[in-house]
Trainee: 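Just passing along the structure, written as structure tokens.
Order of appearance sets the numbers: ligands from 1, and atoms from 1 within every ligand. In this text, all values refer to a predicted model and were calculated from it rather than measured experimentally.
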Amino acid sequence: MSNRTVTIRGCPLGGPELVVMAGPCAVESREQTFRAAEVVASSGARFLRGGAFKVRTSPTAFQGLGGDGWKLLREAADAHGLLTVSEILTEEQIERARPHVDLAQIGSRNMQNVPLLKALGRSRMPVLLKRGFGCTIDEWIHAAEYILAEGNESVVLCERGIRTFETATRFTLDVAAVPIAKKRLGLPVLVDPSHPAGSREWVESLTLAGVACGGDGLLVETHPDPANALSDGGQAVALADFPALVEKARRVAQAVGRTLPLGASATAAPAQ
Ligand code: PEP
Ligand code: MN
């Protein structure tokens with residue numbers, strides 16, 4: 001648990017209950033987004049993730065559906081009682097995102113975009129601040145302080161792996177950063193097991209490590225058809241495998257004195 005709980009539309013982050021945020025890397029289509037929403041909600045997730053404006057390494061890669069992607073994310077989330085988390089790239093996008101995005105994700109590549117951090121601080125919109133993959137814990141904490149200094153206390157951090165000399169994974173998940181950042185700021189810290197893994201083969205191990213090291217929740221990429229995903233397909237857990245992944249995380253949560261809620265499918269009365 002963290003000292004300061006951040007509550008987003010009735011959902012507390014940093015309390016005894018872990019918060020799972022899951023969905024595709026990018027919103028691609030209505031069918032893909034609705035299928036993801038259904039499975040993640042029934043597994044116990046509280047947020048549907050999905051990028052509409054993507055920052056891709058190559059300019060020729062899929063850049064996202066833009067505003068239409070946000071509308072689809074909102075519709076699919078609403079249909080399944082979920083909240084939404086999606087990346088915001090520019091100051092201009094903040095007001096545009098507001099009706100559709102409950103938690104504004106600041107991507108790793110934007111962690112030190114100070115004008116954007118200050119604008120989000122002024123906006124009072126809840127922010128998920130991902131760690132820059134080339135940034136120290138100290139730099140990450142200072143980035144969060146830019147948002148807090150403008151009077152916005154709804155800040156949640158996310159450890160998503162840093163660049164090291166290791167090349168067997170896409171990034172190196174810095175598990176120690178989780179308790180350290182929690183102690184330094186007292187804010188909730190989530191763990192993204194997908195981007196450090198780079199391959200779905202390692203996502204389960206990093207998910208369980210993320211819960212064990214004190215993460216207040218998870219941000220996981222999952223897709224109905226990873227082989228044909230337009231973005232980050234290699235690290236996407238198939239939707240068919242997602243409920244089992246959450247169940248394992250739930251057991252680790254119990255072992256470390258936390259809870260992870262059951263989804264609608266598990267809590268509904270069995271059909272007669
Ligand atoms: C993402 O969440 O899809 C993403 C682009 O993450 P990051 O900014 O951590 O690379
Ligand atoms: Mn991604």
Trainee: Determine yes or no for a side-chain-to-main-chain donor-acceptor pair under 3.5 angstrom, with Trp70 supplying the side chain and Leu65 the backbone.
Mentor: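 No, because the side chain of Trp70 does not come within donor-acceptor range (under 3.5 Å) of the backbone of Leu65.
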
Trainee: Partners of Glu28 by salt bridge (Lys or Arg N to Asp or Glu O under 4.0 Å), sequence neighbours excluded?
Mentor: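 In terms of salt bridge (Lys or Arg N to Asp or Glu O under 4.0 Å), with neighbours along the sequence ignored, Glu28 is linked to no residue.
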
Trainee: Which N/O atoms of ligand 1 sit under 3.5 Å from a protein N/O, and at what distances?
Mentor:
unit_1: ligand 1; atom_1: 2 (O); unit_2: Arg49; atom_2: NH1; d: 2.8
unit_1: ligand 1; atom_1: 2 (O); unit_2: Arg49; atom_2: NH2; d: 3.4
unit_1: ligand 1; atom_1: 2 (O); unit_2: Gln105; atom_2: NE2; d: 2.9
unit_1: ligand 1; atom_1: 2 (O); unit_2: Lys130; atom_2: NZ; d: 3.0
unit_1: ligand 1; atom_1: 3 (O); unit_2: Arg49; atom_2: NH2; d: 2.9
unit_1: ligand 1; atom_1: 3 (O); unit_2: Lys54; atom_2: NZ; d: 3.0
unit_1: ligand 1; atom_1: 3 (O); unit_2: His195; atom_2: NE2; d: 3.3
unit_1: ligand 1; atom_1: 3 (O); unit_2: Glu221; atom_2: OE2; d: 3.1
unit_1: ligand 1; atom_1: 6 (O); unit_2: Lys130; atom_2: NZ; d: 2.9
unit_1: ligand 1; atom_1: 8 (O); unit_2: Ser108; atom_2: N; d: 2.8
unit_1: ligand 1; atom_1: 9 (O); unit_2: Lys130; atom_2: NZ; d: 2.8
unit_1: ligand 1; atom_1: 9 (O); unit_2: Arg160; atom_2: NE; d: 2.6
unit_1: ligand 1; atom_1: 9 (O); unit_2: Arg160; atom_2: NH2; d: 3.4
unit_1: ligand 1; atom_1: 10 (O); unit_2: Arg109; atom_2: NH1; d: 3.0
unit_1: ligand 1; atom_1: 10 (O); unit_2: Arg160; atom_2: NH2; d: 2.8

Trainee: Scan Leu18, Asn3, Leu13 and name whichever one has a side-chain contact (heavy atoms from CB on, under 4.5 Å) with Pro188.
Mentor: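 Single pass found, and it is Leu13.
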
Trainee: According to salt bridge (Lys or Arg N to Asp or Glu O under 4.0 Å), does anything in residues 7-16 pair up with another residue at least two apart or in another chain? List the pairs.
Mentor: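 Listed once each, the pairs are Arg9-Asp102.
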
Trainee: Where the side chain of Asn152 meets the backbone of Leu120, is there a donor-acceptor pair that is under 3.5 Å apart?
Mentor: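 Between the backbone of Leu120 and the side chain of Asn152 there is a qualifying donor-acceptor contact (under 3.5 Å).
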
Trainee: If you apply the rule side-chain contact (heavy atoms from CB on, under 4.5 Å), what do you find for Leu48 with Val85, and how did you get there?
Mentor: CA-CA 6 Å; Leu48 180 64; Val85 53; over 6 Å; no

Trainee: Which residues and atoms, protein N, O or S only, are under 2.8 Å from the Mn ion (ligand 2)?
Mentor: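 Per the 2.8 Å query on the Mn ion (ligand 2), atoms found are Cys25 SG, His195 NE2, Glu221 OE2, Asp232 OD2.
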
Trainee: Checking side-chain contact (heavy atoms from CB on, under 4.5 Å) against Gln235, which of Pro196, Ser194, Pro226 comes through?
Mentor: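 Only one option passes, and that is Ser194.
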
Trainee: Show the numbers, then the answer: is there a salt bridge (charged side-chain N to carboxylate O under 4.0 Å, His left out) between Arg98 and Glu95?
Mentor: CA-CA 5 Å; Arg98 216 186 268 277; Glu95 288 314 310; 2.9 Å; yes

Trainee: Between the side chains of Gln112 and His142, does any donor sit under 3.5 Å from an acceptor?
Mentor: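 His142 and Gln112 do not have a side-chain donor-acceptor pair below 3.5 Å.
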
